[in-house]
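Here is the structure we will look at.
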Amino acid sequence: MKSFSYVAQDARGRQQKGVMNAETEQEFLEKAKERGLYVKDYKESDSSNTKSIYKFNTKELTFNCRQLSAMLTSGLTLVKAIDILTKEQENEKGKAIWQDIYENVQKGESFSSALEMHAGSFPEFLISMVGAGESSGSLDVIMTRMADHYNKEGKLKNTVKSAMMYPMILLILCIVIVIFLFAFIMPTFIAMYEDPDDMPALTKFVAGISDVIINRWYVIIAVVVVMFFGIQYALKVPHLRVKVDRLLIKGPGFGPLMTKIYTGRFARTLSSLYSSGIPMVECLERASAVLGNSYIDEKFLEVVDEVKQGETLSNAITRSEIFENMFCSILYVGEESGALDSILEKTSDYYEEESDAAVQRLVSMVEPLLLIFMAVIIGLVVCGIYPALYGSFDSIENE
């Protein structure tokens, strides 16, 4: 999907500026013509590099879906509901996007098509669900489900943020203490040695670290910056990203906890998609994409192929070895009983509670590691300065 910035004139002769998403230049011009716009000038750029695209966050998506659900349920037409929702937007960029959607729907475009024109602003999952709701005539129900979905997703994100607050403060404290010890405390005791060759090996090592922090701090900054951008680049390399993502769910200790989090998100998404009447193959493709794990995406290519060939969903997912055996058994029961959608919904509630607990356990694993790190650094410094301190006391006694 590409983004086209344009300057155009409408039927009344008024000049308009905006951004429109389209696959090709021809499609962009056709969309502009359908809206009654005479394009005077436009510029094409890759949408992933376009800074003008505004992405709605989880809180905004929850609010918009909840408002649309309430208005559609009360009997308002879709056009009127979008018009009211546009006026309720607090962000100017978001308001401009909804205004464009309102104008397109008013001209006869489907709601899903209008959203798809702003694919960079809305998740593909939401666009797919809206399309399914329009096809089945249950858009109000779909918007309620989407509001619940993004509300729970937002709660999970907030849980992670609040849970990580203490470890982050502890990490910053560790860094400050290390810098203070090596930059201010160590030089005082190192100065007690008249001959550097008299220093014990450990003291020389600690003195070397202190010297680097004081006199070559720019080297440390350069190394950190290179590592930061190096890791970012490595994660963009497909085969390296797959290995990292595989480690997330297969790693010792944190792997099972991450699996619970992924299982909860997958169950909720699959439940929403399947109960909306979307074909199972498309449900699997979109549900796995929502997880944002390239290793799972790779595995689900095999799952989708097996389902296309007539294999049951539970057997295909069991062979992928991604999710817990209990979840696979639940899928099997749902398929056998013909109530897969309701069982998925109940299962997603259970695994979302498990996800919250998994996040807390992950954080509880980080805290002692940071404390151990701080204790090792302080112990290292103490062991390094002890010979100098002991030597100074010995010389005082001799005097």
Side-chain angles (χ1 to χ4, degrees), residues 1 20-21 31 34-35 54-91 94-155 265-287 289-290 339-342 344-346 348-349:
M1 185 71 70
M20 190 184 301
N21 294 331
K31 286 183 177 180
E34 289 172 1
R35 297 188 195 183
Y54 177 76
K55 291 186 177 182
F56 290 93
N57 58 39
T58 308
K59 184 179 179 181
E60 291 171 320
L61 290 171
T62 303
F63 171 78
N64 291 332
C65 292
R66 187 76 69 194
Q67 292 297 94
L68 281 174
S69 169
M71 288 186 282
L72 292 173
T73 304
S74 64
L76 287 179
T77 63
L78 178 61
V79 174
K80 184 62 178 175
I82 297 175
D83 183 32
I84 295 172
L85 184 63
T86 301
K87 294 173 183 176
E88 291 181 353
Q89 300 300 309
E90 296 180 357
N91 186 282
K95 190 172 186 178
I97 290 171
W98 278 107
Q99 180 63 34
D100 187 60
I101 292 170
Y102 166 71
E103 292 174 0
N104 288 327
V105 173
Q106 196 176 35
K107 291 174 183 177
E109 287 276 357
S110 66
F111 186 28
S112 57
S113 298
L115 289 175
E116 198 166 0
M117 292 178 187
H118 298 276
S121 300
F122 297 96
E124 289 186 11
F125 176 53
L126 175 61
I127 297 172
S128 299
M129 291 295 289
V130 169
E134 287 178 315
S135 301
S136 61
S138 57
L139 187 58
D140 54 342
V141 177
I142 293 297
M143 297 315 297
T144 302
R145 287 177 183 166
M146 287 295 91
D148 292 338
H149 174 83
Y150 288 115
N151 182 45
K152 290 178 179 179
E153 191 173 289
K155 284 182 179 178
R265 292 187 66 190
F266 177 79
R268 171 63 61 187
T269 307
L270 186 62
S271 169
S272 300
L273 289 166
Y274 186 69
S275 59
S276 302
I278 296 175
M280 179 55 75
V281 171
E282 187 177 347
C283 288
L284 293 173
E285 291 172 343
R286 295 196 177 278
V290 167
L340 185 59
D341 51 349
S342 60
L344 276 172
E345 187 173 356
K346 293 175 183 177
S348 62
D349 291 335

Between atom [atom1] of [X] and atom [atom2] of [Y], what is the distance when rounded to the nearest 0.5 Å?
| X | Y | atom1 | atom2 | result |
| --- | --- | --- | --- | --- |
| Thr144 | Leu139 | OG1 | CG | 9.5 Å |
| Thr62 | Tyr150 | OG1 | OH | 8.5 Å |
| Asn104 | Ile82 | CG | CD1 | 9.5 Å |
| Arg145 | Asp140 | CZ | CG | 10.0 Å |
| His118 | Asp100 | NE2 | CG | 3.5 Å |

- Give the ring-plane orientation class for Phe56 versus Phe122, where under 30° counts as parallel, over 60° as perpendicular and anything between as tilted.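 Parallel, since the angle between the ring planes stays under 30°.
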
- Task: Identify, with sequence neighbours excluded, every residue that meets side-chain contact (heavy atoms from CB on, under 4.5 Å) alongside Ser271.
- Result: Leu344, Glu345

- Item | side-chain contact (heavy atoms from CB on, under 4.5 Å) partners for Lys80, two or more places apart | Leu76, Thr77, Asp83, Ile84

- Task: Classify the side-chain pair Asn64/Glu88 by whether it contains a donor and acceptor separated by less than 3.5 Å.
- Result: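 The criterion, which ignores hydrogens and geometry beyond distance, is not satisfied for Glu88 and Asn64.
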
- Message: Just to verify, what does Glu285 make a side-chain hydrogen bond (donor to acceptor under 3.5 Å, both in side chains) with, not counting sequence neighbours?
- Response: none

- Task: Return yes when atom NZ of Lys346 has more than 12 non-hydrogen atoms of other residues, nucleotides or ligands closer than 6.0 Å, and no otherwise.
- Result: no

- Task: Mark yes when over 12 heavy atoms from residues, nucleotides or ligands other than Tyr274 sit less than 6.0 Å from its OH; otherwise mark no.
- Result: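 Counting other residues, nucleotides and ligands, OH of Tyr274 stays at 12 neighbours or fewer.
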
- Query: Quick one: does Met143's side chain get under 4.5 Å of Val130's, heavy atoms only?
  - Reply: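 Yes, at least one pair of side-chain atoms sits under 4.5 Å.
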
- State whether the side chain of Glu116 and the backbone N or O of Ile127 hold a donor-acceptor pair below 3.5 Å, judged by distance alone.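 It does not hold such a pair.
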
- Sidechain-backbone polar pair: Glu153 side chain, Thr58 backbone, donor-acceptor under 3.5 Å: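 Judged by distance alone, no pair lies under 3.5 Å.
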
